[in-house]
Amino acid sequence: MLRFIRRLLDSKAKPKIAHPVLGPLQLEQGKRGPYWLREAYADGELTLSIDAEGEAEPTEAQVAFFNWINSDLESIYSQVAPELSSRHQGMQRKPVDADWHKTFRLVGISVPSDGNKLAPWDITFECLTDNSGNLYTCYFERGALANVSVDT
């Protein structure tokens, strides 16, 4: 009986993988379909959301996209800086520090299914200037910033 219950529970377990670059991932089902999720459990860790095709593991193109974000973060930040600065000034009543890393920290990346920079994707920054935990999510479409939302 115990074996039957264990098999029943295991059959409902979500698929998990230990990706060599992206780390531990768990397959989730979302409104737009399946995606691999890596949750951040400590400061300095990134939450990743990686679009999936069925239960297929992340592709080489998706890993390249993730590596591109990490290697070109200064350039990507420069694309969102005017909007983040404006939003931060409006909410915190103080400017973004000249070294933006003292004001914001990258905490999340979504990776499109084909790793295509022109497909919709987003990055999320946490505000470090107070203990509010405000998250600024920057949505990209066709390679350009389309919108910024703030989760307070």
Side-chain angles (χ1 to χ4, degrees), residues 6-92 96 100-101 103-152:
R6 191 173 293 143
R7 267 189 296 183
L8 183 62
L9 292 174
D10 287 345
S11 69
K12 296 190 186 281
K14 296 176 181 177
K16 296 178 181 179
I17 60 171
H19 193 277
V21 174
L22 304 171
L25 301 171
Q26 179 172 302
L27 191 64
E28 300 286 344
Q29 290 297 324
K31 293 178 190 175
R32 298 181 309 156
Y35 63 97
W36 290 101
L37 176 66
R38 179 179 88 187
E39 293 191 70
Y41 293 107
D43 286 349
E45 291 184 357
L46 287 174
T47 296
L48 295 179
S49 173
I50 304 160
D51 289 348
E53 299 292 327
E55 291 188 14
E57 293 187 10
T59 65
E60 300 258 339
Q62 288 175 308
V63 172
F65 182 94
F66 171 78
N67 288 332
W68 165 70
I69 295 275
N70 285 309
S71 68
D72 202 21
L73 188 55
E74 295 301 320
S75 174
I76 294 166
Y77 179 80
S78 70
Q79 294 179 52
V80 302
E83 185 65 25
L84 287 184
S85 179
S86 174
R87 296 281 182 111
H88 183 266
Q89 180 72 38
M91 292 180 70
Q92 303 295 324
V96 172
W100 68 267
H101 297 93
T103 304
F104 298 112
R105 174 180 60 180
L106 179 68
V107 294
I109 301 172
S110 77
V111 178
S113 61
D114 56 2
N116 182 351
K117 296 174 189 175
L118 299 178
W121 59 277
D122 60 78
I123 56 175
T124 302
F125 295 92
E126 179 181 16
C127 179
L128 302 174
T129 60
D130 62 13
N131 291 325
S132 66
N134 289 336
L135 299 175
Y136 295 72
T137 302
C138 306
Y139 300 92
F140 287 81
E141 293 178 7
R142 296 183 193 97
L145 181 65
N147 187 28
V148 174
S149 69
V150 182
D151 181 15
T152 56

| remark: Hits for side-chain hydrogen bond (donor to acceptor under 3.5 Å, both in side chains) against T129, two or more places apart or cross-chain, chain-then-number order -> H88
| note | Closest non-hydrogen contact found for V96 with S85 is CG2-CA, 3.7 Å
| Pairs in or reaching into residues 39-51: which pass side-chain hydrogen bond (donor to acceptor under 3.5 Å, both in side chains), with residues at least two apart or in two chains? | none
| field | side-chain hydrogen bond (donor to acceptor under 3.5 Å, both in side chains) pairs, two or more places apart, involving residues 24-36 | value | K14-E28, Q26-E28
| field | salt bridge (Lys or Arg N to Asp or Glu O under 4.0 Å) pairs, two or more places apart, involving residues 131-145 | value | none
| query | Given side chains that start at C-beta, do those of P58 and L25 come closer than 4.5 Å, heavy atoms only? | reply | yes
| remark: Nearest heavy-atom approach of S113 to T59 is O-OG1, 4.3 Å
| To the nearest 0.5 Å, what is the distance between CG (L46) and CD1 (I109)? | 5.0 Å
| message | Assess the residue pair M91 and Y136 against the criterion (side-chain contact (heavy atoms from CB on, under 4.5 Å)); give the C-alpha distance rounded to whole Å, side-chain angles, the decisive distance to 0.1 Å, and a yes or no. | response | CA-CA 11 Å; M91 292 180 70; Y136 295 72; 3.9 Å; yes
Below 3.5 Å, can you tabulate the donor-acceptor pairs from side chains in residues 72-84 to any protein atom, sequence neighbours excluded?
from, atom 1, to, atom 2, distance (Å)
D72, OD2, W68, NE1, 3.4
E74, OE1, W100, NE1, 2.9
E74, OE2, H101, NE2, 3.0
S78, OG, S75, O, 2.5
E83, OE2, R87, NE, 3.0

| remark: Between the CD1 atom in I50 and the CD atom in E57, the distance rounded to the nearest 0.5 Å is 10.5 Å
| field | Check against side-chain contact (heavy atoms from CB on, under 4.5 Å), Q92 and N134 | value | CA-CA 10 Å; Q92 303 295 324; N134 289 336; 3.1 Å; yes
| query | What are the two closest non-hydrogen atoms of G115 and F65, and how far apart are they? | reply | O-CD1, 3.4 Å
Using a 3.5 Å cut-off and no angle test, enumerate the donor-acceptor pairs between side-chain atoms of residues 119-126 and protein atoms at least two apart in sequence or in another chain.
from, atom 1, to, atom 2, distance (Å)
W121, NE1, K117, O, 3.2
D122, OD2, S110, OG, 3.1
T124, OG1, T137, OG1, 3.1
E126, OE1, R105, NH2, 2.2

| request: Begin from the C-alpha positions of L22 and Q62 and carry the test side-chain contact (heavy atoms from CB on, under 4.5 Å) through to its verdict. | output: CA-CA 10 Å; L22 304 171; Q62 288 175 308; 5.7 Å; no
| query | How close do L145 and C138 get, heavy atom to heavy atom, and via which atoms? | reply | CD1-CB, 3.8 Å
